[in-house]
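Input: a single structure, listed below in C-alpha cells.
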Amino acid sequence: MRVFIAILAFLSTAQAQAADIAIALTDELIKVDTSFSGARLVLFGAVTGVENPEGAVDIVSVVRGPDTRFDVRRIEKRNLIWMPGETYTVERAPGLYLTTATKRLTDIAPLPDQDAYNLGADFLDIEMADDAPDNEALPLQDGHAELFKNAFLTEIEDRGLYQDNVDGVDFKKGGLFTINVNLPANTPVGDYEVSVYLYRNGTMLGQDMARLAVNKVGIERRIYELAHNRPVSYGVFCVALSLFAGWIAGLAFRK
C-alpha cells in the first residue's frame with residue numbers, strides 16, 4: 001500500500017514538471033533458505049511529464065548484485081591429456097546482473113551512456129588479473145584480458161546470472177508501469193542496487209534507484225555467518241560432521 005501511495009503522490013506533485021521516472025519495490029528483502037528456487041521481484045514505477053508514455057519513451061531497469069571474485073581457467077592440452085591451465089581472476093564483477101528494457105539496449109541508449117552507466121554486460125568494468133605473475137605464455141597485456149573476459153561472460157550468462165531481457169516493461173494506466181524480474185535459484189547473497197533509466201530518442205530524461213537485500217535465513221544464515229566470520233571453526237565443524245556421518249554410516253552397514 002505504501003508503494004502505491006508514494007507513486008500516486010509522485011504523480012500528483014509532478015504533473016507540470018519535466019519528464020522524470022520513479023520506482024519502488026514490492027519487497028526490499030529476499031529471504032534465502034534451503035527451499036529457495038528463485039524469486040520474482042516486482043518493480044512499480046511512474047513516468048511523469050510525458051503524455052501516453054507507452055511507445056513514446058523507453059525504460060531500462062538494471063538489477064545489480066554485490067561485486068564478487070571469480071576464477072577463470074583455460075583448458076590446455078598437455079601431451080594427450082586436457083588439463084586446467086593457469087588461473088586468471090576476475091577481481092571485480094557483479095554476482096548478478098539483470099537488465100530489462102522496452103527494446104534492445106543498443107536501440108535505446110547511445111554508446112557513451114552505455115559505457116558511463118554500465119548498461120549491458122559488455123560495458124561492465126570487469127578487471128582481470130593474473131594469479132601467476134611469472135606466466136609468460138599468456139600475458140594479459142597482450143590481449144588475453146579481453147579473451148578471458150569474454151570467456152567469463154559466456155560462462156556466467158550460461159549460469160543465468162547475467163541476463164538481458166527485452167519487452168519486460170508493462171505499462172499501466174497513465175504513467176504507471178511494472179517490471180517483473182525473475183531472480184534465479186543461484187542468486188548470490190548481498191546488497192543490491194535496482195536502477196531505472198528513462199529515455200526518449202536516445203536522450204536520458206531521468207533516472208531513479210532503489211535498494212534490495214538478499215539474505216539467508218534460519219540455519220543457513222547461521223552456517224553462512226560461521227563460514228565467513230569464523231572460518232577455522234567452520235572447518236573444524238565440517239570435519240567433525242563428516243566423521244560423525246561416516247561413523248553413523250558404518251554402524252548402519254554393520255547391521
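These numbers were taken from a predicted model, which means no experiment stands behind them.
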When you compare the side chain of Leu198 with that of Asp208, does any pair of heavy atoms fall below 4.5 Å? no
Residues in salt bridge (Lys or Arg N to Asp or Glu O under 4.0 Å) contact with Asp191, at least two apart in sequence or another chain: none
Could you tell me whether a side-chain N or O of Thr48 sits under 3.5 Å from a main-chain N or O of Ala46, the two making a donor and an acceptor? no
Quick one: pull up CD in Gln207 and CG in Asp20 and give me the separation to the nearest 0.5 Å. 9.0 Å
My understanding is that only residues two or more places apart in sequence, or in another chain, count here; which of them pass salt bridge (Lys or Arg N to Asp or Glu O under 4.0 Å) with Arg200? none
Would you say Asn215's side chain and Lys31's backbone share a donor-acceptor pair under 3.5 angstrom? no
When rounded to the nearest 0.5 angstrom, what distance separates CD in Gln163 from CD1 in Ile156? 11.0 Å
Suppose we screen for side-chain contact (heavy atoms from CB on, under 4.5 Å). Which residues come up paired with Thr99, at least two apart in sequence or across chains? Val62, Tyr97, Leu105, Asp164
Answer yes or no: is there a side-chain heavy-atom contact under 4.5 Å between Tyr192 and Arg211? no
Of the non-hydrogen atoms in Val181 and Leu98, which two are nearest, and what is the gap between them? CG1-CD1, 3.6 Å
Would you name the heavy atoms of Thr102 and Val166 that are closest together and state the gap between them? O-CG1, 4.1 Å
Between CG on residue Leu41 and OG1 on residue Thr26, distance to nearest 0.5 Å: 6.0 Å
Residue set satisfying side-chain contact (heavy atoms from CB on, under 4.5 Å) with Asn182, at least two apart, ordered chain then number -> Arg40
Determine the minimum heavy-atom distance between Phe70 and Pro94, stating which atoms define it. CE1-O, 4.2 Å
Partners meeting ring pair (Phe, Tyr, Trp, His ring centres under 6.0 Å) with Phe171 (sequence neighbours left out): none
Side chains of Leu25 and Val194, heavy atoms from C-beta outward: is any pair under 4.5 Å? yes
Quick one: side chains of residues 49-56, donor-acceptor pairs under 3.5 Å with protein atoms, not counting sequence neighbours, listed by atom name and distance.
none

According to salt bridge (charged side-chain N to carboxylate O under 4.0 Å, His left out), does anything in residues 103-112 pair up with another residue at least two apart or in another chain? List the pairs. Asp58-Lys103, Arg104-Asp107
Contacts of Glu28 that satisfy side-chain hydrogen bond (donor to acceptor under 3.5 Å, both in side chains) - sequence neighbours left out: none
Listed partners of Thr178 passing side-chain contact (heavy atoms from CB on, under 4.5 Å), at least two apart: Phe44, Asp170, Lys172
Between OG1 of Thr154 and CZ of Phe152, what distance do you get to the nearest 0.5 Å? 10.5 Å
Could you check if a side-chain atom of Phe36 sits within less than 4.5 angstrom of a side-chain atom of Asn186, using non-hydrogen atoms only? no
Mind checking what makes salt bridge (Lys or Arg N to Asp or Glu O under 4.0 Å) contact with Glu157, not counting sequence neighbours? none
Once salt bridge (Lys or Arg N to Asp or Glu O under 4.0 Å) is applied, do any residues pair with Asp27, and if so which ones, sequence neighbours excluded? none
Donor-acceptor pairs under 3.5 Å, side chain of residues 108-126 to any protein atom, not counting sequence neighbours: which ones?
| residue | atom | partner | partner atom | Å |
| --- | --- | --- | --- | --- |
| Asp113 | OD2 | Tyr199 | OH | 2.7 |
| Gln114 | NE2 | Ala109 | O | 2.9 |
| Asn118 | ND2 | Phe123 | O | 2.8 |

